[in-house]
Amino acid sequence: MSYAQQKGRVSGSAPPAPPPFRRHEPRTLTEAERQQVAANREFVRRHTPELEPFVKDLHAQGLIDGWRAVDQCELIGGGK
C-alpha cells in the first residue's frame with residue numbers, strides 16, 4: 001500500500017470542498033467615518049476614476065467592505 005493510499009489520497013479522488021463563504025455585516029460607521037469615506041471616494045473619482053470599477057469589483061467578490069476599505073488617499077508629492 002502506498003503512502004497516498006494510507007492517507008486516503010488516492011489519485012483520482014477530489015479534494016474536499018472548501019466551506020461556503022459567509023459575508024458578515026459591516027459595523028455601523030460614525031458620522032465622522034461616513035464623511036471620511038465619502039471624501040476618499042470623491043478623491044478617487046476625481047484623481048483616479050479608473051480605480052472605481054476595481055473597488056466595486058473587490059466589493060462584489062466579498063474581498064472588501066466597500067469604500068470604507070479605502071482608507072488612505074493622497075497624491076504623490078504630498079498633496080491631499
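Since the structure is predicted, the reported quantities are computational estimates derived from the model, not experimental observations.
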Pairs where residues 30-39 contributes a residue and the test salt bridge (charged side-chain N to carboxylate O under 4.0 Å, His left out) is met, not counting sequence neighbours: Arg27-Glu33, Glu31-Arg34

Non-neighbouring partners of Val44 that pass side-chain contact (heavy atoms from CB on, under 4.5 Å), sequence neighbours left out: Thr48, Leu51, Trp67, Val70, Cys73

Applying side-chain contact (heavy atoms from CB on, under 4.5 Å) to Asp65 and not counting sequence neighbours gives His24, Pro26, Arg68

Can you measure from [atom1] ([X]) to [atom2] ([Y]) and round to the nearest 0.5 angstrom?
X     : Y     : atom1 : atom2 : answer
Thr30 : Gln36 : OG1   : CD    : 10.0 Å
Arg46 : Leu75 : CZ    : CG    : 8.5 Å
Phe54 : His59 : CZ    : NE2   : 14.0 Å
Leu58 : Leu63 : CG    : CG    : 5.5 Å

